[in-house]
Each structure stands twice: as structure tokens, then as C-alpha cells.
Amino acid sequence: MKVLVIGSGAREHALAWKLSQSPRVQMIYVAPGNGGTAADPNLRNVPISDPEALADFAAAEKMVLTVVGPEAPLAAGIVDLFKSRGLRIFGPTKAAAQLESSKAFAKEFMQRHGIPTALYASFTDAAAAHAHVTKHGAPIVVKADGLAAGKGVVVALTADEAHAAIDGMLSVPGGRVVIEEFMDGEEASFIVACDGQHVVPLATSQDHKRIFDGDQGPNTGGMGAYSPAPVVTPNVHAKVMQEIVLPTIAGMAKEGMPFTGFLYAGLMIDAQGQPRTVEFNARLGDPEAEVILMRMKSDLFDLLMHGAEGTLDKAEVQYDRRVALGIVMAAAGYPGTPRNGDPITNLPAAREDLMVFHAGTKAADGHVLSAGGRVLCVTALADSVRQAQQRALDAVRQVRFEGAQWRNDIGHRAIRH
Ligand code: AMP
Ligand code: GLY
């Protein structure tokens with residue numbers, strides 16, 4: 001059987017790699033893929049990104065399943081398009097993907113369904129937004145409404161910072177900001193597979209959004225992750241399912257937008273172990289997917305087929321008991337404009353306990369070149385967080401490309417736990 005993976009990051013490399021382990025899958029196409037998927041003999045890159053052209057390709061090649069990695073094609077309605085053409089696909093419709101694509105939709109939805117989250121207000125008018133900040137004071141959180149790859153959020157420690165963020169975000173045409181109560185606590189990523197009705201929670205994980213060690217510097221798409229997240233104790237896990245995930249799935253179905261695909265709840269867990277939702281994403285996290293899939297022992301293809309067919313109550317998922325930890329190697333300049341086109345050398349060979357998932361790379365006559373902000377995600381399995389961190393760092397320090405940046409402290413919260 002043939003499967004199509006849409007996207008070009010390390011998440012999609014990990015998805016395709018894991019799918020290639022399924023005995024039922026013969027060929028995996030990755031559109032458009034990257035230098036890592038190009039190098040794997042089990043995978044084939046196809047240079048297509050237009051949704052209609054992807055649907056034509058899936059139909060012509062008799063793809064048994066398509067899975068979508070990134071948010072942009074989901075928000076643009078690629079699932080609706082595939083379904084309208086009778087093509088099996090795992091992902092949310094455009095309406096369901098609003099949980100990620102519109103922060104205002106997500107916040108209003110959570111309010112309607114009593115799902116715990118920060119208090120918020122939404123503004124298109126700058127004067128009203130400024131008055132709100134003046135009234136509530138700092139710390140306060142200002143978010144641009146719309147897809148911003150985790151970069152459209154300012155956690156303002158002073159009112160001045162909040163005012164500046166509002167001016168920046170409302171200066172774009174059609175700009176809208178969401179201003180939120182600041183939540184204190186520890187973050188975790190809670191990702192589930194859904195078929196519209198049934199839910200299978202994946203292993204828990206945590207990522208590190210800031211560019212520098214010690215969680216300093218600007219936000220990025222994610223500089224590293226590990227799984228499991230010790231902050232998600234069995235008690236917290238049960239609360240997240242009862243108070244956040246299950247009401248969300250039931251609420252979406254009730255409102256006529258059943259959620260099929262990966263639902264990612266970004267959580268803030270306070271000192272009492274009470275979880276609240278920071279945000280929803282309508283997809284797997286990146287780099288969370290890399291560490292979750294590195295630990296997954298069961299067949300990913302089976303899980304996705306059950307998801308697409310509405311039979312997730314019959315799915316079984318097993319994980320390696322070891323910890324997986326992934327360190328992102330980013331290009332110089334990231335999260336601003338990244339430097340590109342540098343040769344990447346000394347890549348370690350894949351092992352049972354070490355995988356280098358490619359993100360922004362491309363193959364060019366026998367070489368691998370950097371071609372994006374996040375370039376690689378070096379992912380290791382080991383018996384403890386500390387050992388997994390060491391194993392991943394040993395590999396990271398061996399890889400060479402000009403100006404590479406990475407964090408040396410991925411997993412520090414888990415090590416503290
Ligand atoms: P988001 O894109 O909504 O996930 O926000 C990016 C990051 O900003 C989150 O991962 C948090 O670290 C932080 N953040 C967002 N909203 C809040 C909030 N209400 N309170 C505290 N931190 C927040
Ligand atoms: N790592 C966070 C995300 O994928 O949104």
C-alpha cells in the first residue's frame with residue numbers, strides 16, 4: 001500500500017520514517033519532503049505543494065492514506081478537498097482546524113464548553129486594547145490572531161512591552177489581538193489522535209520554545225523536546241482528559257465540526273497540578289512528534305487508518321519505556337532570517353537509539369545543504385533524561401554546518417523533577 005505524507009519538516013521525516021516500519025506499507029511519498037526523506041530508500045520525495053495537485057497525485061497513485069503534518073494546508077482546507085474527492089486522509093477539516101488557525105475561535109469555544117484556560121479579550125481597536133492593558137497591568141500576554149508558527153505571542157512582563165506589542169500586531173491590515181491573563185506554571189504538550197468521536201492519547205512531551213539555554217531569548221517553533229513529561233503525573237493526565245480533551249472532542253462534534261486528526265493541547269500546569277489550556281494545535285507538534293514517534297513501538301499506519309476510518313476505539317498504541325530526547329540544530333540567524341545553503345557534514349548513521357530527523361535540508365548532488373530555520377532534530381533514546389540528553393548532544397557536537405545553533409539544556413525541567 002502507498003501512503004502520502006504532506007510537509008517538509010523533521011515532524012514529517014519522523015512520520016514517514018515510522019510509517020516505513022509498517023509491514024503493510026510498501027511506499028511512502030513525502031510532499032515536498034527534505035534532504036533526509038530524499039536519502040531514505042524507503043521514502044520518495046515528490047515536489048508538489050498545491051492542494052489540487054496533491055489530490056490529483058494521491059488519486060493517480062492510488063494512495064491508501066494521506067497524512068498532513070503542518071498547519072497551513074489544514075487551515076486552507078486540504079482535508080475537505082481530499083474528502084470531497086473520496087480520498088482517505090487523516091487530519092482536521094478547515095472548520096475543525098480553527099481550533100489552531102483562529103485564537104479567537106479557540107478561546108470562545110473553550111468558554112462555551114467550560115474548558116479551563118486563561119481569561120481573555122479580543123480586540124481589533126488599538127485604543128480599546130491599550131485601555132485593557134492599562135486596566136489589568138502586567139504580566140499580561142498579547143497574541144496576534146492567526147497562524148504565526150509560535151512566534152506571534154508576547155508574554156509582556158511590563159505594561160510598556162504589552163503596549164508596544166499591541167501597536168505592532170494591529171499595524172497589519174485586518175489585525176486582531178487576543179490579550180490574556182498570564183498563567184504561571186509548567187508547560188507540557190498533550191497530543192491525542194481523534195477520529196471525530198474516539199480519542200487515543202499519545203505519549204506526553206515537553207518542548208523548549210526559547211532559542212537560548214535557560215529559556216532565554218525569543219520564541220521559536222521549538223528548539224528541542226523530550227517524552228515523557230514528568231509533570232504530567234497520572235493524576236494530571238486524568239484531569240487533562242476529563243476537563244480538556246474529552247469536552248473539546250465532544251464540543252466540536254456537537255457544534256457540527258467533528259475533530260479528526262491530531263489534536264495538540266498546549267498545557268500550563270500550576271503548582272497544584274491543575275491543567276489549563278494555553279493553546280490548541282490541529283496537528284502534531286514539531287519537535288514533539290520526533291520524540292513521541294521515536295518511542296512508539298506499535299504500528300503508526302494502523303493508528304492512522306483507525307483514525308481516518310472512525311475506529312480509534314480499536315487502536316492499540318505501545319511505547320518504549322525509555323526516554324526520547326530531541327535537540328534541534330538551527331541555522332545562524334534563526335528565529336530571524338536564517339542563513340541557508342551550507343553543506344552539512346559528519347551526520348551520524350541511524351541507530352536503534354539515535355535518529356537524525358531532517359527539517360530544513362535539501363539534497364544537492366551527493367551533499368546535504370541547510371535550507372531552513374530549523375535544520376535537524378537529533379533524537380536519542382536512553383534510560384534516563386540525562387543519558388538521552390548526553391547521547392543526543394554527543395551526536396549534535398559531531399555534526400558540522402556553518403553557524404549551527406542548538407541548546408545544551410534540553411530536558412532541564414525533567415532532570416530537575
Ligand atoms: P502560544 O503560541 O499561544 O502557544 O504561546 C506561545 C508561548 O507563550 C506558550 O508556549 C507559553 O510559553 C506562552 N504563553 C502563551 N499564553 C500564555 C499565558 N496566558 N500565560 C503564560 N504564558 C503564556
Ligand atoms: N513545538 C510546538 C509546536 O509544534 O507548535
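Counting starts at 1 for both ligands and their atoms, in listed order.
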Atom CD in E100, atom CG in N281: separation rounded to 0.5 Å? 4.0 Å
Could you tell me which atoms of ligand 1, counted from 1 in the order shown, lie closer than 4.0 angstrom to a heavy atom of K143? 3 (O), 15 (C), 16 (N)
Can you check which of V178, V154, V141 brings a heavy atom nearest to atom 17 (C) of ligand 1? V141
Region of M183 that comes within reach of ligand 1 [heavy atoms, distance under 4.0 Å]: both
At under 4.0 Å between heavy atoms, which part of K209 makes contact with ligand 1: side chain, backbone, both or neither? side chain
Write down the atom of V68, the atom of P73, and the distance for their closest heavy-atom approach. CG1-CG, 3.8 Å
Option from D286, T361, T220 for which side-chain contact (heavy atoms from CB on, under 4.5 Å) with R374 holds: D286
What part of D184 sits under 4.0 Å from ligand 1 if we count only heavy atoms: the side chain, the backbone, both or neither? neither
Using heavy atoms and a cut-off under 4.0 Å, could you grab the residues that are in contact with ligand 2, chain by chain, numbers ascending? D207, G221, Y264, N281, R283, G285, D286, P287, E288
Under 4.0 Å from a heavy atom of F182: give me the atoms of ligand 1 that qualify, with their elements. 20 (N), 21 (C)
Paired with L312, the side-chain contact (heavy atoms from CB on, under 4.5 Å) test is passed by just one of V199, L303, V317, namely L303
Donor-acceptor pair, distance only, cut-off 3.5 Å: does the side chain of E108 make one with the backbone of F105? no
Nitrogen or oxygen atoms of N219 and ligand 1 under 3.5 Å apart: no
Hey, which atoms in ligand 1 end up nearer than 4.0 Å to a heavy atom of K103? 1 (P), 2 (O), 3 (O)
Throw together a table of side-chain donor-acceptor distances under 3.5 angstrom for residues 228-245, partners on residues two or more places apart or in other chains.
unit_1, atom_1, unit_2, atom_2, d
T233, OG1, V236, N, 3.2
K239, NZ, Q274, OE1, 3.4
E243, OE1, Q274, NE2, 2.8

Show me, pair by pair, the donor-acceptor contacts under 3.5 angstrom made by side chains of residues 129-137, not counting sequence neighbours?
unit_1, atom_1, unit_2, atom_2, d
H130, ND1, H163, ND1, 2.8
H130, NE2, D167, OD1, 2.8
T134, OG1, H130, O, 3.0
H136, ND1, H132, O, 3.1

Please name the pair of heavy atoms, one in V141 and one in E181, separated by the smallest distance, quoted to 0.1 Å. CG2-O, 4.3 Å
What donor-acceptor contacts under 3.5 angstrom involve side-chain atoms of residues 378-386, with partners at least two apart or in another chain?
unit_1, atom_1, unit_2, atom_2, d
T379, OG1, C377, O, 3.4
S384, OG, Q387, N, 3.0

Applying the salt bridge (charged side-chain N to carboxylate O under 4.0 Å, His left out) test to D215, which of R413, R210, K209 qualifies? R413
